[in-house]
Protein chains: 2
Amino acid sequence: MFQLNPHSGVPIYRQLCEQVRRMIAGGQLPAGAALPSVRDLAIEHAVNPMTISKAYSLLEAEGLLERHRGRPMTVASRPRLQAGPSQRLNALNSELDRLVLAARQLDLTPTEVIKALREKWEAADAGIRRRTGSR
Amino acid sequence: MFQLNPHSGVPIYRQLCEQVRRMIAGGQLPAGAALPSVRDLAIEHAVNPMTISKAYSLLEAEGLLERHRGRPMTVASRPRLQAGPSQRLNALNSELDRLVLAARQLDLTPTEVIKALREKWEAADAGIRRRTGSR
DNA sequence: CCAAGCGTATAGTCTCAGTAATACACATAT
DNA sequence: ATATGTGTATTACTGAGACTATACGCTTGG
């Protein structure tokens, strides 16, 4: 469900926060949806449970998640169910900045980058089809 | 010359290392080119000089830079002057991964992302023309 | 009821990133 | 020769990130 890279330099709890925010904005985590348990996520990613809990707590403080004692955390019911296209594109801004900076420093052309982007996107498609078993 | 973001979560010295590596691979820092002084960079980015020095030392250990006592650091003369297109695209891999993951979680289409990418690229073009004074 | 599953609280430890203040060795231009 | 500019070494301190270990209160299914 999530992809956490412990060697990216970005703190794990921040990676998780960002991904949950995006999946809520993108509608893949609708209001009321239950999040994976702290312990499950910790085992799956070989990470300490408190690291996951820290991320969840931050998201609750932001009003994105709701806490139910003894029950899994859920996506808050109040907030904007899904962000508009422009807001979601906005959320991609920093990632785009990083990519453009890197590509320009590597002296690549937009055409080359876009081609590589399409290929990676299709590779991700294939990966999802494999995992879900869909044909 | 470089863009360092102290709030990205990625350590500053790592950001600098990555950018120097890319600009060498991309040919924008040719063999023998002198790098900005540790003190200048530190002032420009409001960072401690030792943080810059740390990055330079790591790059020297990698063989990318050469040290000349009392003189600026330079790009090593020996190494591959410029990486091939496929190698440079490869260096963009992790950035592409991050972008695709973010975009998919935001439920964006490749078309939307590519459009935003082109716009950001052109904005960077404009910024460079403004700084260099070219018309 | 009670075990199992939730998230949480607390406290201690460890590593690394970044800062700070000096001091040094070398090169170069004046 | 001297001032100025390189990068570097040293030591010490602060803070964040992550881990470890234990315990607690809550809910739900048997």
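Quick note on labels: first sequence line is chain A, next is B, and so on, each numbered from 1.
Of the charged side-chain nitrogens involved, at least one lies within less than 4.0 Å of a carboxylate oxygen, so that B:E119 and B:K115 count as a salt-bridged pair. Residues B:E112 and A:R88 are not paired through a salt bridge, judged by the lack of any N-O separation under 4.0 Å between the basic side chain and the carboxylate.
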Write out a two-atom table: protein N or O, nucleotide N or O from nucleotides 14-18 of chain D, distance below 3.5 Å.
unit_1, atom_1, unit_2, atom_2, d
D:dG17, OP1, A:Y13, OH, 3.0
D:dG17, OP2, A:Y13, OH, 3.3
D:dA18, OP1, A:I12, N, 2.5
D:dA18, OP2, A:I12, N, 3.3

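Distances shown here put a side-chain N or O of B:S37 below 4.0 Å from the OP1 or OP2 atom of D:dT6.
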Check your understanding: Should B:Q19 and A:L101 be marked as a side chain to side chain contact (heavy atoms under 4.5 Å, CB included) after you check the CA-CA gap, both sets of side-chain angles, and the distance that decides it?
Key -> CA-CA 9 Å; B:Q19 296 191 30; A:L101 174 64; 3.7 Å; yes
Point to revise | side chain to side chain contact (heavy atoms under 4.5 Å, CB included) evaluation trace for A:V10 with B:R98 | key: CA-CA 12 Å; A:V10 181; B:R98 292 176 57 125; 3.7 Å; yes
**Study point:** Test log, rule side chain to side chain contact (heavy atoms under 4.5 Å, CB included), inputs B:E60 and B:E66
**Key:** CA-CA 6 Å; B:E60 192 229 349; B:E66 278 176 359; over 6 Å; no
Review point. What's the verdict on side chain to side chain contact (heavy atoms under 4.5 Å, CB included) for A:K120 and B:N93, showing C-alpha distance, side-chain angles and the deciding distance?
Key: CA-CA 9 Å; A:K120 198 159 278 293; B:N93 226 303; 2.7 Å; yes
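From the 5' end on, the contacts that DNA chain C makes with chain B at under 4.0 Å to a non-hydrogen atom open and close at C:dA17 to C:dT28.
Rounded to whole Å, the distance from CD on B:E60 to C1' on D:dG7 is 10 Å. One interatomic measurement links the two molecules: CG of B:L35 to P of D:dT6, which rounds to 13 Å at whole-angstrom precision. Straight-line distance from the CD atom of B:E66 to the P atom of D:dT8: 13 Å, rounded to whole Å.
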Revision key, fill the gap. Each nucleotide of nucleotides 22-30 of chain D classed B (base within 4.0 Å of a protein heavy atom), S (only sugar-phosphate) or -, in 5' to 3' order, makes ----BSS--
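Counting heavy atoms of neighbouring residues, nucleotides and ligands inside a 6.0 Å radius, atom CD of B:E44 exceeds 12 of them.
In terms of heavy-atom proximity, A:H45 sits nearest to A:F2 at NE2-O, 3.2 Å. Summarising the geometry of A:R104 relative to B:I128, their closest heavy-atom pair is NH2-CD1, 3.4 Å, with the distance given to 0.1 Å. Taking each heavy atom of B:L99 and A:L99 in turn, the nearest pair found is CD2-CD2, 3.5 Å.
In terms of position along DNA chain D, the nucleotide closest to B:P36 lies nearer the 5' end than the nucleotide closest to the other residue of the pair B:P36 and A:A46.
There is a path of hydrophobic side-chain contacts, each under 4.5 Å, that joins A:M1 to A:L35.
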